[in-house]
Asker: 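Below are the structure tokens for one structure; questions will follow.
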Amino acid sequence: HVQLVESGGGSVQAGGSLRLSCAASRATYGSGRWYCMGWFRQAPGKEREGVAAIDSDTTRYADSVKGRFTISKDNAKNTLYLQMNSLKPEDSAMYYCAAEAGAYCSRFDSDSAYTYWGQGTQVTVS
């Protein structure tokens, strides 16, 4: 099991940047301990959308954020990040961190592929 706690959300003007963090309660890398880690978002009245994911050897992004968002991990701190640049009003949503045991993300943008979820952090772009 792993517990996830997001932080870093807030309000920003269009064109600005934010960095989200997701602190994991245990290591998410290494032999027998790899996790696929992802970021999702959900705007009011919309379905939850996969934004980005990282596993043992690759990163993946939704087309809507490619070139603007960067997912990364600091394994020493057990922390996942989402650097968001050139933010647009349509990026406004609750952002969630998610994790699933395994070295590879099989369906990185499907919320049913993840078992562990954080509580979310709100991002508002105006």
Side-chain angles (χ1 to χ4, degrees):
H1 295 281
V2 60
Q3 293 178 320
L4 306 170
V5 179
E6 303 96 332
S7 62
S11 296
V12 64
Q13 290 188 338
S17 298
L18 281 173
R19 188 177 78 158
L20 305 183
S21 300
C22 172
S25 60
R26 53 162 290 173
T28 57
Y29 72 100
S31 180
R33 299 184 295 178
W34 280 107
Y35 280 78
C36 163
M37 305 290 293
W39 285 100
F40 284 75
R41 65 187 181 186
Q42 188 168 22
K46 295 187 177 181
E47 293 186 355
R48 191 154 51 184
E49 171 191 22
V51 174
I54 185 169
D55 59 24
S56 61
D57 66 0
T58 192
T59 57
R60 304 179 193 181
Y61 298 92
D63 288 343
S64 59
V65 305
K66 280 181 181 177
R68 300 189 299 122
F69 290 11
T70 302
I71 189 170
S72 63
K73 288 177 63 180
D74 184 334
N75 288 329
K77 296 181 178 179
N78 295 340
T79 301
L80 178 74
Y81 299 102
L82 185 68
Q83 177 67 44
M84 305 186 295
N85 298 328
S86 301
L87 283 162
K88 305 174 181 180
E90 51 263 43
D91 294 318
S92 296
M94 185 71 79
Y95 282 72
Y96 298 91
C97 173
E100 177 63 20
Y104 303 100
C105 299
S106 59
R107 293 173 291 136
F108 86 97
D109 57 352
S110 173
D111 58 4
S112 64
Y114 296 82
T115 300
Y116 307 102
W117 292 84
Q119 82 290 348
T121 186
Q122 179 69 40
V123 171
T124 302
V125 185
S126 59

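What you see below is based on every heavy atom in this structure, not just the backbone, and it leaves out hydrogens, waters and symmetry mates.
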Asker: State whether the side chain of Arg68 and the backbone N or O of Ser86 hold a donor-acceptor pair below 3.5 Å, judged by distance alone.
Answerer: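 Such a contact is found between Arg68 side chain and Ser86 backbone.
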Asker: I need the Ser17 OG to Asn85 CG distance, nearest 0.5 Å.
Answerer: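 Separation between the atoms: 3.5 Å.
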Asker: Would you compute the distance between atom CZ of Arg48 and atom OH of Tyr96 and round it to the nearest 0.5 angstrom?
Answerer: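 Between atom CZ of Arg48 and atom OH of Tyr96 there are 6.5 Å.
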Asker: Working note: Tyr104 + Asp57, criterion side chain to side chain contact (heavy atoms under 4.5 Å, CB included); need CA distance, chi angles, decisive distance, verdict.
Answerer: CA-CA 8 Å; Tyr104 303 100; Asp57 66 0; 3.6 Å; yes
Asker: May I ask you to test the Glu90-Ser64 pair for a side-chain heavy-atom distance under 4.5 Å?
Answerer: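 A side-chain contact under 4.5 Å is absent here.
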Asker: Give the C-alpha distance, both sets of side-chain angles, the deciding distance and a yes or no for side chain to side chain contact (heavy atoms under 4.5 Å, CB included) between Gln3 and Trp117.
Answerer: CA-CA 7 Å; Gln3 293 178 320; Trp117 292 84; over 6 Å; no
Asker: Looking at Thr124, is its backbone amide N or carbonyl O close enough to the side chain of Ser92 to form a donor-acceptor pair, meaning the two atoms are under 3.5 Å apart?
Answerer: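 No, because the side chain of Ser92 does not come within donor-acceptor range (under 3.5 Å) of the backbone of Thr124.
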Asker: With respect to Met84, which candidate in Val123, Asp91, Val125 satisfies the side-chain contact (heavy atoms from CB on, under 4.5 Å) definition?
Answerer: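 Answer to the side-chain contact (heavy atoms from CB on, under 4.5 Å) test with Met84 among Val123, Asp91, Val125: Val123.
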Asker: Same cluster for Met94 and Val51 if Ile/Leu/Val/Met/Phe/Trp/Tyr side chains link at under 4.5 Å?
Answerer: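 As far as the 4.5 Å side-chain criterion goes, Val51 and Met94 are not connected within one cluster.
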Asker: Is there a side-chain hydrogen bond (donor to acceptor under 3.5 Å, both in side chains) between Asp74 and Thr79? Walk through the geometry before answering.
Answerer: CA-CA 5 Å; Asp74 184 334; Thr79 301; over 6 Å; no
Asker: Cationic tip of Arg19 within the cone over Tyr81's six-membered ring, i.e. under 6.0 Å and within 45° of the normal?
Answerer: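 Positive - Arg19 is close enough to the ring of Tyr81 and near enough to its axis.
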Asker: Are the side chains of Val65 and Lys88 in touch, meaning some heavy atoms are under 4.5 Å apart?
Answerer: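 No. Closest side-chain heavy atoms not under 4.5 Å.
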Asker: Kindly indicate whether the side chain of Gln119, heavy atoms from C-beta on, has any atom under 4.5 Å from the side chain of Glu6.
Answerer: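 In contact.
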Asker: With a sphere of 6.0 Å drawn around CD of Glu47, does it hold more than 12 non-hydrogen atoms of other residues, nucleotides or ligands?
Answerer: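 No, not enclosed.
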Asker: Working to the nearest 0.5 Å, report the span between OG of Ser126 and CG of Leu87.
Answerer: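 CG of Leu87 is found 10.5 Å from OG of Ser126.
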Asker: What closest approach, in Å, do Asp55 and Ala103 show between heavy atoms, and which atom pair accounts for it?
Answerer: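 Closest heavy-atom pair between Asp55 and Ala103: CB-O, 3.2 Å.
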Asker: When you measure from the side chain of Arg60 to the backbone N and O of Cys105, does any donor-acceptor pair fall under 3.5 Å?
Answerer: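 Confirmed, Arg60 side chain pairs with Cys105 backbone.
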Asker: Check whether any side-chain heavy atom of Leu82 lies under 4.5 Å from a side-chain heavy atom of Thr70, and answer yes or no.
Answerer: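 SC-SC contact between Leu82 and Thr70 ruled out.
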Asker: For Ala93 and Ala43, which heavy atoms make the closest approach, and how far apart are they?
Answerer: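 What the structure gives for the nearest pair is CB-N, 3.8 Å.
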Asker: Take Gln83 and Ser72 through the side chain to side chain contact (heavy atoms under 4.5 Å, CB included) test and state the conclusion after the steps.
Answerer: CA-CA 8 Å; Gln83 177 67 44; Ser72 63; over 6 Å; no
Asker: Is any side-chain heavy atom of Tyr35 closer than 4.5 Å to one of Arg26?
Answerer: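 Yes, their side chains come closer than 4.5 Å.
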Asker: Side chains of Glu100 and Ser106, heavy atoms from C-beta outward: is any pair under 4.5 Å?
Answerer: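 Not touching, per the 4.5 Å side-chain cut-off.
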Asker: Looking only at heavy atoms, what is the nearest atom pair of Val2 and Ala99, with distance?
Answerer: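 Result for this residue pair: CG1-CB, 4.1 Å.
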Asker: Classify the ring geometry between Tyr116 and His1 as parallel (under 30°), tilted (30 to 60°) or perpendicular (over 60°).
Answerer: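 Tyr116 vs His1 ring planes: perpendicular.
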Asker: When the aromatic ring centroids of Phe108 and Tyr61 are compared, is their separation below 6.0 Å?
Answerer: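 Phe108 vs Tyr61: aromatic centres not under 6.0 Å.
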Asker: Do Leu20 and Trp39 pass the side chain to side chain contact (heavy atoms under 4.5 Å, CB included) test, and can you show the C-alpha distance, the side-chain angles, and the key distance before you say yes or no?
Answerer: CA-CA 10 Å; Leu20 305 183; Trp39 285 100; 3.7 Å; yes
Asker: How long is the gap from SG on Cys22 to CG on Asn78, to the nearest 0.5 Å?
Answerer: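 These two atoms lie 10.5 Å from each other.
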Asker: On a heavy-atom basis, which atom in Phe40 and which in Asp111 lie closest, and how many Å separate them?
Answerer: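 Closest approach of Phe40 to Asp111, heavy atoms only: CE2-N, 3.5 Å.
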Asker: I need the Thr59 OG1 to Phe69 CZ distance, nearest 0.5 Å.
Answerer: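 Output value for this atom pair is 14.5 Å.
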